[in-house]
Amino acid sequence: MSTNSFPKIVISGSGVWTPSNVITNEELVASYNEYAAKFNSDHAAQIAEGKMAEKPFSSERFIEKSSGIKARYVYAKEGILDIERMRPKFPERSEDELSNQAEIAVYAAKEAMAAAGKTASDIDAIIVSCAYTQRAYPAIAIEVQHALGIENGFGFDMQVACSAATFGLHRAYDALVSGSAKCVLAINPELVTPQVNYCDRDTHFIFGDVSTAIIMERQETCTSPNSYEILSTKALTRFSNNIRSNFGHMSRATDAEPYAWDKLFHQSGRKVFEEVSPVAAGLINDHLASLGLTPKNVKRFWLHQANINMNKMVIKQLLGEDVKDEDTPIILDRYANTASAGSIIAFHLHNSDLKKDDIGVICSFGAGYSVGSLVLRKR
Ligand code: CO8
């Protein structure tokens with residue numbers, strides 16, 4: 001196997017914070033269908049005149065069959081199931097309080113730091129990388145740095161939708177290789193439910209909230225009993241409007257309605273499914289080939305968790321039919337799509353049984369389009 005001659009960089013700890021609130025498909029569909037029935041009744045005249053479209057009903061059977069999702073964890077359950085509101089409700093915090101996203105970032109960060117045996121004084125870079133940050137500045141990463149008592153180095157935020165976590169890990173890797181940091185805390189506080197359109201049956205079931213974190217450092221400082229050498233990183237982007245949200249700071253200047261459908265998450269799910277799966281499989285294949293490896297050399301694929309059928313298709317394109325479930329762990333049945341955090345949850349929950357020298361691949365794919373992978377070897 002060919003590896004580069006750069007210093008060896010390792011993942012030495014991971015953490016996941018899971019919200020205590022759960023919404024099952026049954027609860028979500030019951031609430032949406034009640035909302036849709038009321039909408040149709042309230043707008044019966046306009047619908048009859050063809051001036052407004054009737055709201056179609058949602059179905060638990062459809063959701064589980066077409067996505068694999070059975071439930072999702074949410075930061076705040078209040079509001080989402082209220083048919084007069086149809087969005088989560090967070091009490092506003094003062095500027096003196098820790099922001100919601102920094103709070104959940106800190107939970108996951110502490111778990112990852114404990115797993116890697118690191119304290120605040122060991123860390124000198126914090127990357128908060130996720131689909132949305134709750135404000136533009138000051139960076140959530142700098143707030144987390146402060147909250148954790150990390151006095152050295154720097155922090156910054158970045159966004160690459162569903163590939164934010166892997167692209168964040170790529171930046172951590174680059175900083176460690178170049179020597180601009182010695183120990184990086186990369187966090188993905190995915191607080192996405194505020195951007196879900198709970199009035200839209202095509203997308204109301206897709207997302208859940210979570211926070212994940214990884215500690216990355218040079219091999220020589222690693223004392224963790226469970227660590228992975230990063231053999232290589234690879235990323236690819238291709239522009240597409242098929243997954244989009246138009247919410248942003250410009251909305252105020254355009255007088256746009258902040259809750260309009262196009263300001264929330266929307267997608268052409270079928271097109272995404274068909275277009276992204278082969279690109280993800282191709283990137284993984286090329287990445288492994290660049291290291292003299294094939295998919296058959298990989299013990300575990302920790303894939304992005306958007307859709308179970310999509311993951312099966314990617315694996316089929318890589319390996320054919322013959323794959324055991326434990327080789328490609330699925331967590332979206334419980335967590336749903338957690339934007340960029342899905343592959344990191346899968347890694348965190350399903351890596352401790354790997355043996356020395358086993359090869360694993362973390363791969364994300366989603367909006368942008370963006371695809372990112374890391375090839376790992378157990379130490
Ligand atoms: N109940 C009943 N029927 C439904 C429902 C529902 N809830 N939803 C849709 N249908 C209907 C459709 O309207 C359609 O009806 P018709 O045939 O009459 O038009 C029919 O079911 C079939 O619809 P689809 O063809 O769309 O169904 P699919 O089998 O393709 O499944 C999925 C839809 C599950 C959305 C699937 O296409 C999918 O998962 N695609 C992959 C999408 C993906 O990976 N997207 C990535 C997004 S995540 C990302 O990049 C991060 C973004 C940032 C995070 C944002 C957080 C808010």
Side-chain angles (χ1 to χ4, degrees), residues 25-26 28-33 35-36 53-70 72 74-75 80 87-88 101 129-134 159-167 188-210 237-248 259 261-280 303-314 330 332-333 335-343 363-372:
N25 286 348
E26 189 183 4
L28 193 74
V29 167
S31 147
Y32 169 86
N33 285 348
Y35 159 81
E54 194 175 39
K55 284 269 176 200
F57 290 101
S58 185
S59 122
E60 282 170 62
R61 203 167 154 269
F62 171 86
I63 295 171
E64 190 172 335
K65 188 163 169 284
S66 65
S67 71
I69 297 167
K70 296 178 184 165
R72 69 282 299 138
V74 295
Y75 182 83
I80 293 176
R87 62 187 197 278
Q101 216 171 3
S129 186
C130 44
Y132 306 94
T133 52
Q134 74 180 89
Q159 296 177 357
V160 201
C162 281
S163 288
T166 54
F167 279 44
N188 324 105
E190 292 290 12
L191 199 45
V192 296
T193 47
Q195 265 277 310
V196 175
N197 186 351
Y198 289 102
C199 302
D200 171 36
R201 81 159 176 175
D202 286 13
T203 54
H204 77 127
F205 59 89
I206 297 179
F207 293 100
D209 300 318
V210 80
T237 54
R238 248 174 232 171
F239 184 70
S240 169
N241 274 328
N242 287 333
I243 315 170
R244 191 163 172 139
S245 160
N246 293 317
F247 182 76
Y259 302 148
W261 69 270
D262 78 301
K263 302 295 177 293
L264 303 173
F265 171 89
H266 55 283
Q267 69 171 355
S268 300
R270 173 65 39 187
K271 275 193 194 156
V272 174
F273 191 112
E274 288 165 359
E275 291 174 10
V276 172
S277 307
V279 179
L303 298 183
H304 178 53
Q305 306 278 321
N307 183 301
I308 192 171
N309 302 318
M310 204 169 176
N311 286 16
K312 282 185 176 158
M313 186 183 279
V314 169
I330 292 292
L332 63 76
D333 52 343
Y335 282 87
N337 182 338
T338 49
S340 77
S343 58
C363 183
S364 65
F365 32 89
Y369 296 135
S370 57
V371 187

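One-based numbering, in listed order, for ligands and for the atoms of each. Quick caveat: nothing in here was measured; it's all calculated off a predicted structure.
- Summarising the geometry of Q101 relative to Y132, their closest heavy-atom pair is NE2-O, 2.7 Å, with the distance given to 0.1 Å.
- Scanning for side chain to side chain donor-acceptor pair (under 3.5 Å) contacts around D262 gives N246, with sequence neighbours left out.
- Counting only heavy atoms of the protein, atom 9 (C) of ligand 1 lies nearest to D202 OD1, 3.1 Å.
- Here the closest non-hydrogen pair linking G366 and V276 is N-CG1, 4.5 Å.
- When C162, S277, S58, S66 are checked for heavy-atom proximity to atom 52 (C) of ligand 1, C162 turns out nearest.
- For V272, every heavy-atom contact with ligand 1 shorter than 4.0 Å involves the side chain, none the backbone.
- Without hydrogens or angle criteria, N188 side chain to C130 main chain gives no donor-acceptor distance under 3.5 Å.
- Protein heavy atom nearest atom 40 (N) of ligand 1, with residue, atom name and distance: G269 O, 3.0 Å.
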Identify each donor-acceptor pair in which a side-chain atom of residues 304-312 lies under 3.5 Å from a protein atom, sequence neighbours left out, and give them as a table.
{"residue": "H304", "atom": "NE2", "partner": "F365", "partner atom": "O", "Å": "3.1"}
{"residue": "Q305", "atom": "OE1", "partner": "I331", "partner atom": "N", "Å": "2.9"}
{"residue": "Q305", "atom": "OE1", "partner": "L332", "partner atom": "N", "Å": "3.3"}
{"residue": "Q305", "atom": "NE2", "partner": "L303", "partner atom": "O", "Å": "2.9"}
{"residue": "Q305", "atom": "NE2", "partner": "P329", "partner atom": "O", "Å": "3.1"}
{"residue": "N307", "atom": "OD1", "partner": "N309", "partner atom": "N", "Å": "2.7"}
{"residue": "N307", "atom": "OD1", "partner": "M310", "partner atom": "N", "Å": "3.2"}
{"residue": "N307", "atom": "ND2", "partner": "S66", "partner atom": "O", "Å": "2.7"}
{"residue": "N309", "atom": "ND2", "partner": "K65", "partner atom": "O", "Å": "3.3"}
{"residue": "N309", "atom": "ND2", "partner": "S66", "partner atom": "O", "Å": "3.3"}
{"residue": "N311", "atom": "ND2", "partner": "H304", "partner atom": "O", "Å": "3.0"}

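- Looking from atom 45 (N) of ligand 1 to the surrounding protein, the closest heavy atom is Q267 OE1, 2.8 Å.
- Of the N and O atoms on the side chains of E275 and S240, not one donor lies less than 3.5 Å from an acceptor on the other residue.
- Nearest non-hydrogen protein atom to atom 54 (C) of ligand 1 is F207 CE2, 3.7 Å.
- Protein non-hydrogen atoms do not reach within 4.0 Å of atom 24 (P) of ligand 1.
- Contact annotation: for V192 versus ligand 1, heavy atoms closer than 4.0 Å belong to both the backbone and the side chain.
- Atom 39 (O) of ligand 1 has as its closest protein heavy atom N307 ND2, 2.7 Å.
- Residue G366 has at least one heavy-atom neighbour below 4.0 Å for each of these atoms of ligand 1: 50 (O).
- The proximity of T203 to ligand 1, defined as any non-hydrogen pair under 4.0 Å, does not occur for either the backbone or the side chain.
- Geometrically, ligand 1 and R270 share a nitrogen or oxygen pair separated by less than 3.5 Å.
- Inspection of the T193 and D209 side chains reveals an N or O donor paired with an N or O acceptor under 3.5 Å.
- For the pair A306 and ligand 1, the shortest N or O to N or O distance does not fall below 3.5 Å.
- Polar contact with ligand 1: absent for S67 (N/O pair, distance under 3.5 Å).
- Among protein heavy atoms, atom 1 (N) of ligand 1 sits closest to S59 N, 3.1 Å.
- Using a 4.0 Å cut-off between heavy atoms, F365 makes no contact with ligand 1 at all.
- When all heavy atoms are compared, the tightest approach of S58 to H204 is OG-NE2, 2.8 Å.
- For atom 53 (C) of ligand 1, the nearest protein heavy atom (residue, atom name, distance) is A131 CB, 3.8 Å.
- Atom 19 (O) of ligand 1 is never approached by the protein to below 4.0 angstrom, counting heavy atoms only.
- By the 30° and 60° cut-offs, the orientation of the rings of F205 relative to F62 is perpendicular.
- Distances between N or O atoms of Q195 and those of ligand 1 include no value under 3.5 Å.
- Few gaps surround NZ on K263; more than 12 heavy atoms of other groups in view lie less than 6.0 Å from it.
- Atom numbering of ligand 1 starts at 1 in the shown order; those under 4.0 Å from a heavy atom of M310 are 41 (C), 44 (O).
- Considering every non-hydrogen atom in both S163 and G372, the closest pair reads OG-N, 4.0 Å.
- Residue, atom and distance of the protein heavy atom nearest to atom 15 (O) of ligand 1 are R201 NH2, 3.8 Å.
- Crowding of Y259 atom OH: a count of heavy atoms from other residues, nucleotides or ligands under 6.0 Å not exceeding 12.
- In terms of N/O distances under 3.5 Å, ligand 1 is approached by A367.
- Of all the listed residues (Y32, F62, F205), F62 holds the heavy atom that lies closest to atom 5 (C) of ligand 1.
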